[in-house]
Protein chains: 2
Amino acid sequence: MRPQKAEKTDEVQGLPRITKQRRAIFAALQGDASHPTAEEVYLRVKEELPHISLATVYRNLKLLARQGLIREISTGEGPNRYDFRTHEHAHFQCDRCGRILDVEMGLPRELTRDLERTGFRVRSHELVLHGLCPDCGAASSAD
Amino acid sequence: MRPQKAEKTDEVQGLPRITKQRRAIFAALQGDASHPTAEEVYLRVKEELPHISLATVYRNLKLLARQGLIREISTGEGPNRYDFRTHEHAHFQCDRCGRILDVEMGLPRELTRDLERTGFRVRSHELVLHGLCPDCGAASSAD
DNA sequence: ACCCGATTTGCAAATGCGTCGCAGGTGTTA
DNA sequence: TAACACCTGCGACGCATTTGCAAATCGGGT
Ligand SMILES: [Mn+2]
Ligand SMILES: [Mn+2]
Ligand SMILES: [Zn+2]
Ligand SMILES: [Zn+2]
């Protein structure tokens, strides 16, 4: 029996393939706590794959995020950032140095429970704190 | 004595003036629970001030937000949105209809306390939840 | 190993959203 | 009313990200 080419109604696209670009982009994030931007990932991957295109990096970061293999973070300040840590945690962005630091915390269970009880379906959430990181806070008071 | 024109070192700019554009933009937000985009505010204000420019709307929304008179919200999905409600509350954006709804909740005090204790200075935070709103959740299960 | 079609890539152009520079206009204070 | 700093409208610009397309590449089936 022939394998049913693309459905007509639903936009089901085939399974993602493992290209060297995709693999390298994913690898570039692993163990990196800096929450790099697409541009930064691009520069990094380019050392291994000099011909890779920035568009490919964007496409794959989006895809990996959709697959849940990485996390996409928008801080409301500058470009999106990417995180290999996919567990539930919040982020702190320093107003001064711009760095993004992990804040280990989840939402109070009761909150989402209350929302669900009101008819909402909570799929995800993003919490970003702003202020001064320990380094910059100290620097500015010593100023 | 002459009034000290602009400081040399510090970029202190004079006091904001009350122009009809600024007033109209602020007024357009009042009582509006829809969290409109700059574009939407622009269209609304244009009915009263047909010659207003979109750049002016952007400039004033930013300024009003800096003054703390309104709140700027970036959901990570589409353009920024503006809120006349400045008290601490979170937002829920529906994946289906895109609407943004208020969620009355603040951060657990203990969290920021722990952060401050570690040397952070928390100035603000933004919490955005994603999922399906009551209307869309019902619609999709009835589907 | 080879085929073949669906997926992916590199490239450039396009898009979306927001900001900037500048030449007048306007609000505010004296 | 005069003076001047702040504002506005306008278009050009900038940055981040997306998209169209032809060529390259994966990978399941043979
Ligand atoms: Mn993180
Ligand atoms: Mn709100
Ligand atoms: Zn810092
Ligand atoms: Zn909805």
Side-chain angles (χ1 to χ4, degrees), chain A residues 1-8 10-26 35-43 45-46 48-67 69-70 72-82 98, chain B residues 1-8 10-26 28 35-43 45-46 48-67 70 72-82 98:
Chain A
M1 81 195 274
R2 59 216 145 91
Q4 264 338 54
K5 50 168 55 174
E7 318 294 303
K8 34 171 168 274
D10 212 326
E11 302 291 333
V12 185
Q13 56 230 49
L15 32 158
R17 293 174 177 176
I18 304 177
T19 64
K20 59 181 183 302
Q21 291 88 341
R22 191 159 296 162
R23 185 194 307 284
I25 289 165
F26 182 68
H35 305 92
T37 63
E39 186 79 36
E40 289 165 345
V41 172
Y42 169 62
L43 291 175
V45 171
K46 212 153 77 128
E48 186 189 343
L49 301 174
H51 293 305
I52 197 172
S53 126
L54 181 53
T56 295
V57 173
Y58 272 108
R59 274 187 293 238
N60 281 299
L61 286 173
K62 263 288 185 286
L63 181 137
L64 291 169
R66 274 197 307 269
Q67 312 291 152
L69 294 175
I70 63 174
E72 184 178 44
I73 304 162
S74 49
T75 62
E77 183 80 351
N80 283 356
R81 298 174 163 274
Y82 296 88
Chain B
M1 81 196 268
R2 59 219 144 85
Q4 271 327 60
K5 50 170 55 175
E7 318 294 302
K8 30 172 172 276
D10 212 329
E11 303 289 332
V12 185
Q13 54 228 47
L15 30 159
R17 292 175 176 174
I18 305 175
T19 64
K20 58 180 183 302
Q21 292 87 342
R22 190 159 297 163
R23 186 197 306 284
I25 289 165
F26 182 68
H35 305 91
T37 64
E39 187 80 35
E40 289 166 344
V41 172
Y42 169 63
L43 291 176
V45 171
K46 213 151 78 125
E48 186 188 346
L49 301 174
H51 293 304
I52 197 172
S53 125
L54 180 54
T56 295
V57 174
Y58 273 110
R59 275 188 293 241
N60 280 299
L61 287 173
K62 259 292 181 282
L63 182 136
L64 291 169
R66 275 197 305 269
Q67 312 291 149
I70 63 174
E72 185 177 44
I73 305 161
S74 48
T75 63
E77 184 79 350
N80 283 355
R81 297 174 163 273
Y82 296 89

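All chains are named by letter (A, B, ...) in the order of the sequence lines, taking the proteins before the strands, and each is independently numbered beginning at 1.
Atom CG in B:Leu49 sits roughly 12 Å away from atom P in D:dC10 (whole-Å rounding). Here the C1' atom of nucleotide D:dT25 and the NE2 atom of A:His51 are 16 Å apart, to the nearest Å. If you measure from atom CD1 of A:Ile25 to atom P of D:dT17, you get 14 Å, rounded to the nearest angstrom. Nucleotide C:dG16 holds its P atom 17 Å from the CG atom of B:Asn80, rounded to whole Å. Atom CZ in A:Arg23 sits about 16 Å away from atom C1' in C:dT9, given to the nearest Å. Between A:Leu64 atom CG and C:dT7 atom C1' there is a gap of 15 Å when expressed in whole angstrom units. Atom OH of A:Tyr42 and atom P of D:dC15 are 16 Å apart (whole Å). Atom CG of A:Leu15 and atom C1' of D:dG29 are 14 Å apart (whole Å).
For the pair A:Thr19 and D:dT25, the criterion of a side-chain N or O lying under 4.0 Å from OP1 or OP2 is not met. B:Tyr58 has a side-chain polar atom (N or O) that falls below the 4.0 Å cut-off from OP1 or OP2 of C:dG18. Taking side-chain N and O atoms only, B:Lys62 has no distance below 4.0 Å to OP1 or OP2 of C:dG18. Look at B:Asn60 and you won't find any side-chain N or O under 4.0 angstrom from OP1 or OP2 of D:dC7.
The minimum heavy-atom distance between A:Phe26 and A:Leu69, with the atom names listed, is CE1-O, 3.7 Å.
Note on B:Lys20: nothing from the nucleic acid sits closer than 4.0 angstrom, heavy atoms only. Within the nucleic acid shown, B:Arg22 comes within 4.0 Å of sugar-phosphate atoms alone, with no base atom in reach, counting heavy atoms only. Here A:Gln21 lies in heavy-atom contact (under 4.0 Å) with sugar-phosphate atoms only.
Between A:Pro79 and A:Glu39, the closest side-chain pair of non-hydrogen atoms is not below 4.5 Å. Counting heavy atoms from C-beta outward, B:Ile73 and B:His35 have side chains that approach closer than 4.5 Å.
Positionally, the nearest nucleotide of DNA chain D for A:Leu54 lies more toward the 5' end than for the other of A:Leu54 and A:Arg59. Remark on DNA chain C: of its neighbouring residues B:Ala55 and B:Ile18, the 5'-side contact belongs to B:Ala55, judged by nearest-heavy-atom nucleotide. Toward the 5' end of DNA chain C, the nearer of the two residues A:Ser53 and B:Thr37, judged by each one's closest nucleotide, is A:Ser53.
Note that OG of A:Ser74 and CZ of A:Arg81 are 11.5 Å apart. Values are rounded to the nearest 0.5 Å.
A donor-acceptor contact under 3.5 Å is formed by the side chain of B:Arg17 with the base of D:dC6.
Although no hydrogens or angles enter the test, the distance criterion places no donor-acceptor pair under 3.5 Å between the side chain of B:Glu48 and the main chain of B:Val45.
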